[in-house]
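Below you'll find the structure, written out as C-alpha cells, and then a few comments.
Along the sequence shown, residues carry numbers from 1. Both counts, for ligands and for their atoms, begin at 1 and track the order of listing. When reading the values below, keep in mind they use all heavy atoms of this one structure, side chains included, and skip hydrogens, waters and symmetry mates.
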Amino acid sequence: MTDADASSRTQDRDTSSRTTSSPTKDANGGDVFADAVRRLDTAGRHLDIDPEAIERLKHPRAMLTVSIPTRMDDGSLRVLTGYRVQHDNTRGPTKGGIRYHPEVSLDEVKALAFWMTCKCALIDIPYGGAKGGVIVNPKELSRLELERLSRGFIQQMADFIGPDTDIPAPDVYTNAMVMGWMMDEYSKIMRRRVPDVITGKPIPLGGSLGREDATGRGGYNCITRLSHRLGKAPADTRVAVQGFGNVGQSAARLLHADGYRVVAVSDSQGGIYQPDGFDVPSLIQFKNESRELKAVYCSGSVCEMINAATVTNEELLELDVDVLIPAALGNQISTANAARIRAPVIVELANGPTTSDADPILNERGVLVVPDILANAGGVTVSYFEWTQNRQGMSWSIDEVHRRLQAKMVSAFDTVYDKARHEEISLRDAAYAEALTRLGAAISAQGTQSYFEQPN
Ligand code: GLU
C-alpha cells in the first residue's frame, strides 16, 4: 500500500505511558530508525553543520505509546496499541500521518517521523516531523469498528497533538473519512471546532481541494521535471509502479495522461505487465469497483480482459523499464535485489523503500534515485496549504493548489538536482544536505557550544 492516504477502507489519557524504543528489525535484519539516521552521518560529512545539530536529530523529542480499548461489533473488546512520535519541532509544529497496519512498530514510526522532519525542511514549509501508527489490520474491521478505533486513538492522543503543536494526516490505510472522525473527536474534547488540528480531511469538513492526489501529483511533478532535464520524451519512457493505492494510482493516471507508457503496476496481491503500456483509467476504474487489479480495457461500464503477463511484486522491481516507482511499503530495495534493478531512474513515492546499504550499490551502477523526502513531499505540502486555509478561514481553488504545489516541487527538485550535479553527489545526499542545512541553521540559531563558550 502506498505511503500516504492509501485505501478507502480502511485512549483514556491515564492509560497512556511514555516509552522508549524496542527496536524492530527490517527486511535485512536491521533497525529501521538506526538505518534512517545513518544517512544523517553520510550527508553530514558533506556539510558545514554543527555536530550538535546532527546529535539533536538522532533523538526524537517525544514519544507516546497508548492502549486503545475498542468495542467490536460482536460486543467483545480489543485493546489495540498506538504510537505517536514527534521527532523535531525546531522549525515549527510537528507534522505527519497516522498509519493503520499490522506491522507498525515504534521503531518504524520513529524512522517515519525523522523522514517527515527532513521532508518538511527540504520542501521548506514551517513544520517539524512526526508520525503515528496503530498495530491493526484495518481490512479486518467493520466501518463502525474503524470509527470507534479512530475516535479512541484521538481520545488517548488529545493532550499530545494540537493545531500549534502536532498535526496528524493520512498515511498507509487511513483516509479522509478517518481524518474527519479524528477532527470531530478532537473538537468534541476541546468543546470548539478545531479543523486545523488535522489535515487530509473530507472537503465538506474543511479539507483542501487537491489534497487527495497531492502525493502522486508531487511525484509526477518531479518526473516531468526530470524528463525535461534529461531531454527524454514521455512516449519513450516506460514506467513501472509498485503499489496501486491512492498514491500509485494518482501518479500513474497523471503520467499516462501526459503520454508516458505505464507498462507495469502491482498491488499487495501481485502485478501485471504489458510492454506497450496500459490504459491506466481502465485499471483504476476496475480496481476501485472490484478491489482487484486486472489487465483490462474499459469502455464505459464494460471492461474486457486484455493480454498481459502477471508478475510478482519482486519481479516488477527488476523489470526493464525507464522509471521505477516504489509506491508501497518500506524496505523493498535492499542489498538482496539492488544489483538486479534495471531501471536507470527510481522515484520513491513510498517512505523508505530503499535501505541505506542499497544506496552505494545503486549509486555505483549509475541509477538515479529521486529520494522519498523529495519525491513524496507533495502530500505534506498540500497538507500545509489545508492548514493555512483553515487558519485563514479561506478555501483556495484547485488551480491555485496545483500551481502552488508545482512551484514548491519544482523549486525543491531543481535545488536538489543542481546541487547533486555540481557537487557530484547522489540526489539523496543532496536532498539531505539541503534539509540538514536548513535544520542546522534553525538549531544553531538557538545557540550551540561555540556560542555559549564565548565570554559575554
Ligand atoms: N503521510 C504523508 C507523508 O508521509 C503526508 C503527511 C502529512 O500530510 O502530514 O508524507
Inset, instruction - Of the side chain and backbone of Glu386, name the one, both, or neither that has a heavy atom under 4.0 Å from an atom of ligand 1. - result: neither

Inset, instruction - Consider ligand 1: state whether an atom of it lies below 4.0 angstrom from any non-hydrogen atom of Pro170. - result: yes

Inset, instruction - Using a strict cut-off of 4.0 Å, indicate which atoms of ligand 1 neighbour a heavy atom of Lys131. - result: 1 (N), 3 (C), 4 (O)

Legend entry - Quiz item: cation-pi between Arg421 and Tyr417, 6.0 Å / 45°: yes

Legend entry - For ligand 1, the portion of Asn351 having any non-hydrogen atom under 4.0 Å away: side chain

Inset, instruction - List every atom of ligand 1 that sits less than 4.0 Å from any heavy atom of Ser383, numbering the atoms from 1 in the order shown and giving each element. - result: 7 (C), 8 (O), 9 (O)

Legend entry - Partners meeting ring-ring contact (aromatic ring centres under 6.0 Å, His included) with Trp387 (sequence neighbours left out): Tyr127

Inset, instruction - Identify whether the distance between the nearest side-chain nitrogen and carboxylate oxygen of Glu400 and Arg403 falls below 4.0 Å. - result: yes

Legend entry - Between Thr215 and Asn376, a side-chain donor and acceptor under 3.5 Å: no

Legend entry - N-O pairing of Arg151 and Asp184 below 4.0 Å: yes

Legend entry - Contact atoms of ligand 1, heavy-atom distance to Gly379 under 4.0 Å: 8 (O)

Legend entry - Per-atom contacts of ligand 1 with Lys119, taking only distances under 4.0 Å to non-hydrogen atoms: 3 (C), 4 (O), 10 (O)

Inset, instruction - For Asp258, enumerate each residue passing the salt bridge (Lys or Arg N to Asp or Glu O under 4.0 Å) test, keeping only those at least two apart in sequence or located in another chain. - result: none

Inset, instruction - Mark the output for Gly96 as yes if a heavy-atom distance to ligand 1 is under 4.0 Å, and as no if none is. - result: yes

Legend entry - Element-labelled atoms of ligand 1 that are located less than 4.0 Å from some non-hydrogen atom of Met116: 3 (C), 4 (O), 6 (C), 10 (O)

Inset, instruction - Mind telling me whether Phe114 and Phe33 have parallel, tilted or perpendicular rings, with 30° and 60° as the class edges? - result: perpendicular

